[in-house]
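Written out below as structure tokens is the structure these notes cover.
Here the structure is a predicted model, which is why all the values come from computation and not from measurement. Quick note on labels: first sequence line is chain A, next is B, and so on, each numbered from 1.
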Amino acid sequence: MPELPEVEVSRQGLLPYLPGHPLQAALFRVPKLRQPLSPIWAEEMAGHTLQGIARRGKYLLFDFDSQTGGGWLILHLGMSGSLRLVAPGTPPGKHDHVDLVFPHKVLRLKDPRRFGSLVWVRGPQVLDHPLLAPLGIEPLAGEFDGDWLFQATRGRQQPIKQLLMDAHRLVGVGNIYAAESLFRARISPLAPAGRLSRERCARLAAAVREVLAESIAAGGSSVRDYVHSDGGAGSFQLHCAVYGRAGEPCPVCGKPVKVVRQGGRSSFYCPRCQRP
DNA sequence: CGTTACCCCTGGAGGC
DNA sequence: TGCCTCCAGGGGTAAC
């Protein structure tokens, strides 16, 4: 479910409710997600006040008094994770694996596939954690533009879609938004990255930023519903032009959308509009 | 160093 | 109705 827009919308949805409140308890109902969930973490976290929620790529970073003796809770939603705010005492449903209990609200993590990550890091530093340190640049920050993309692709024969999705270069662009960005930029996902012109790199970088920003904006308008309702990410998702639409007509030219496998993932594109 | 294969899991869709 | 296969928005690690 979650790509960068969903993670950012979740963050924005939590901000009005959680920072400033003390954590009463952390409940782990499964022994592990991607990593083991240590009961010691729950002990160390309890009693600390949430000072803020940051985001790095698709990771949410919960600041529990990190500068004054506490630490950071790193959360990644994986493929199927979602967050909800529920009233204290609400019984957990299936796959509700983690609760962060505040006095007025419970932040509940549901993750059927358990591909999510939850890690507690003591102390003030978090960005140097092994999960975060190797991450590439943020697509919505100033550093990411056509010039950056042009430089990053020089000498690379890797297909552009796979480079876009490489979190060690650029964070936050997953399978859906890679497909939609490439469609908007009229570039084939199969195009060798190093052969893209400066102009096409500029077009693609702009498309990535537009697609992500539009999706966040669309979600932002229904943020309250998102974290308070059934938590179904995707309800606010960008309307897809090509993703998941194999065989359907391209919205621009009408030619059927094609699907190919790249790096084990499905790539959807219009063979007429999107050129190598 | 670059690229691929596999793995972690559950659930939904579709074929038979 | 059941059983089977395939697929799914991610990413870390090992192997070539």
Open item on the list: Walk along nucleotides 8-15 of chain B from 5' to 3' and tag each nucleotide B, S or - by protein heavy-atom contact under 4.0 Å, base first, then sugar-phosphate.
Closed with: BBBS----
TODO: Can you tell me the distance, in whole Å, between the NE2 atom of A:His168 and the C1' atom of C:dG12?
DONE: 8 Å
Open item on the list: Mind checking if A:Ser266 touches a base, just sugar-phosphate, or nothing, with heavy atoms under 4.0 Å?
Closed with: sugar-phosphate
- [ ] Using atom CG of A:Asp111 as one end and atom P of C:dA8 as the other, report the distance to the nearest whole Å.
- [x] 18 Å
Check nucleotides 1-5 of chain B against the protein and report each pair of N or O atoms closer than 3.5 Å, with its distance, or say if there are none.
| unit_1 | atom_1 | unit_2 | atom_2 | d |
| --- | --- | --- | --- | --- |
| B:dT3 | OP1 | A:Gln157 | OE1 | 3.2 |
| B:dT3 | OP1 | A:Gln157 | NE2 | 3.0 |
| B:dT3 | OP2 | A:Arg156 | NH2 | 2.6 |

TODO: Return the value, rounded to whole Å, for the distance between atom CE of A:Met79 and atom C1' of B:dC7.
DONE: 12 Å
TODO: May I ask you to decide whether A:Arg209 forms a salt bridge with A:Asp145, counting only side-chain N to carboxylate O separations under 4.0 Å?
DONE: no
Open item on the list: Please determine whether residues A:Ile160 and A:Leu190 belong to a single hydrophobic cluster, defined as Ile, Leu, Val, Met, Phe, Trp and Tyr linked transitively by side-chain heavy-atom distances below 4.5 Å.
Closed with: no
TODO: In whole angstrom, give the distance that lies between atom CD of A:Glu6 and atom C1' of C:dA8.
DONE: 14 Å
Open item on the list: Just the rounded figure in Å: distance from P of C:dG12 to CZ of A:Arg265.
Closed with: 13 Å
Task: Short side-chain to backbone donor-acceptor contact, A:Glu180 and A:Val242, under 3.5 Å - done: yes
Task: Nucleotide C:dA8, atom C1' - distance to CG of A:Leu77 in whole Å - done: 16 Å
Open item on the list: For A:Arg55, is there an ion pair with A:Glu138 - N to carboxylate O distance below 4.0 angstrom?
Closed with: yes
- [ ] In whole angstrom, give the distance that lies between atom CZ of A:Arg245 and atom P of C:dA8.
- [x] 16 Å
Open item on the list: If hydrophobic clusters are built by linking Ile, Leu, Val, Met, Phe, Trp and Tyr wherever their side-chain heavy atoms come under 4.5 Å apart, do A:Val211 and A:Leu170 end up in the same one?
Closed with: yes
Open item on the list: Taking the P atom in each of C:dT13 and B:dC9, what is the distance between them to the nearest angstrom?
Closed with: 16 Å
TODO: For C:dG12, take OP1 and OP2 only and decide whether either is under 4.0 Å from a side-chain N or O of A:Tyr59.
DONE: yes
Output a table of nitrogen or oxygen pairs between the protein and nucleotides 3-6 of chain C separated by less than 3.5 Å.
none

- [ ] Check the distance between C:dC7's C1' and A:Ile176's CD1 and give it to me in whole angstrom.
- [x] 14 Å
Open item on the list: Quiz question: by atom type and distance under 3.5 Å, do the side chains of A:Ser117 and A:Gln35 form a donor-acceptor pair?
Closed with: yes
Task: Under-4.0 Å salt bridge between A:Asp99 and A:Arg108 - done: yes
Task: Residue whose closest nucleotide on DNA chain C lies nearer the 5' end, A:Asn175 versus A:Leu131 - done: A:Asn175
Open item on the list: Would a single hydrophobic cluster contain both A:Leu163 and A:Val260, if residues Ile, Leu, Val, Met, Phe, Trp and Tyr are joined by side-chain heavy-atom contacts under 4.5 Å?
Closed with: no
- [ ] Name the pairing partner of B:dC9, where a pair is Watson-Crick or G-U wobble with both distances under 3.5 Å, or state none.
- [x] none
Task: hydrophobic_cluster_shared for A:Met165 and A:Phe144, side chain cutoff 4.5 Å - done: no
- [ ] Using the side-chain hydrogen bond (donor to acceptor under 3.5 Å, both in side chains) rule, pick out the option among A:Lys161, A:Gln262, A:Glu3 that qualifies with A:Asn175.
- [x] A:Lys161
Task: Side-chain H-bond candidate by donor/acceptor type, A:Ser82 with A:Lys110, under 3.5 Å - done: no
Task: A:Arg184 and A:Glu210 ion-paired at < 4.0 Å - done: yes
